[in-house]
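Here's the structure, in C-alpha cells; my notes come after.
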Amino acid sequence: MLLIYGHFMKKIKELQLIEATPGNPIHPDTLKQDIELYSSITAKIEKSNPEVIKLRELM
C-alpha cells in the first residue's frame, strides 16, 4: 500500500509540474482531471491507512 501511495503522490507532483510549465501541449482540463483522480485515490488510502500521511510529510 505504501508503494502505491508513494507512486501516486509522485505522479501528482509530476502532473502539477507539467501543468505549471508554460506552453505545455497537454490540455489543462486533462491535467486537472488526472490530478483529481490521483488525489482522490491518495485520500482514500490516507483514510484507510492514516500512517501513510507521515510519508506525505517527507515528500
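Any value given below was found using the heavy atoms of this structure, including those in side chains, with hydrogens, waters and symmetry copies removed.
- Exactly one residue among Lys13, His7, Glu14 makes a side chain to side chain contact (heavy atoms under 4.5 Å, CB included) with Lys10. That residue is Glu14.
- In the hydrophobic clustering of this structure, Met9 groups with Leu2; members are Ile, Leu, Val, Met, Phe, Trp, Tyr whose side-chain heavy atoms approach within less than 4.5 Å, directly or through other members.
- Applying the side chain to side chain donor-acceptor pair (under 3.5 Å) test to every pair with at least one member in residues 31-48, sequence neighbours left out, gives these pairs: Tyr5-Glu46, Glu46-Arg56.
- For Leu31, the side-chain contact (heavy atoms from CB on, under 4.5 Å) partners at least two apart in sequence or on another chain are Leu15, Ile18, Glu19, Asn24, Ile26.
- The hydrophobic clustering, which links ILVMFWY residues whose side-chain heavy atoms are closer than 4.5 Å, places Ile41 and Ile53 apart.
- Considering OG1 of Thr21 and CG of Leu17, their distance stands at 5.0 Å, rounded to 0.5 Å.
- Linking Ile, Leu, Val, Met, Phe, Trp and Tyr residues whenever their side-chain heavy atoms come within less than 4.5 Å leaves Leu3 and Val52 in two separate clusters.
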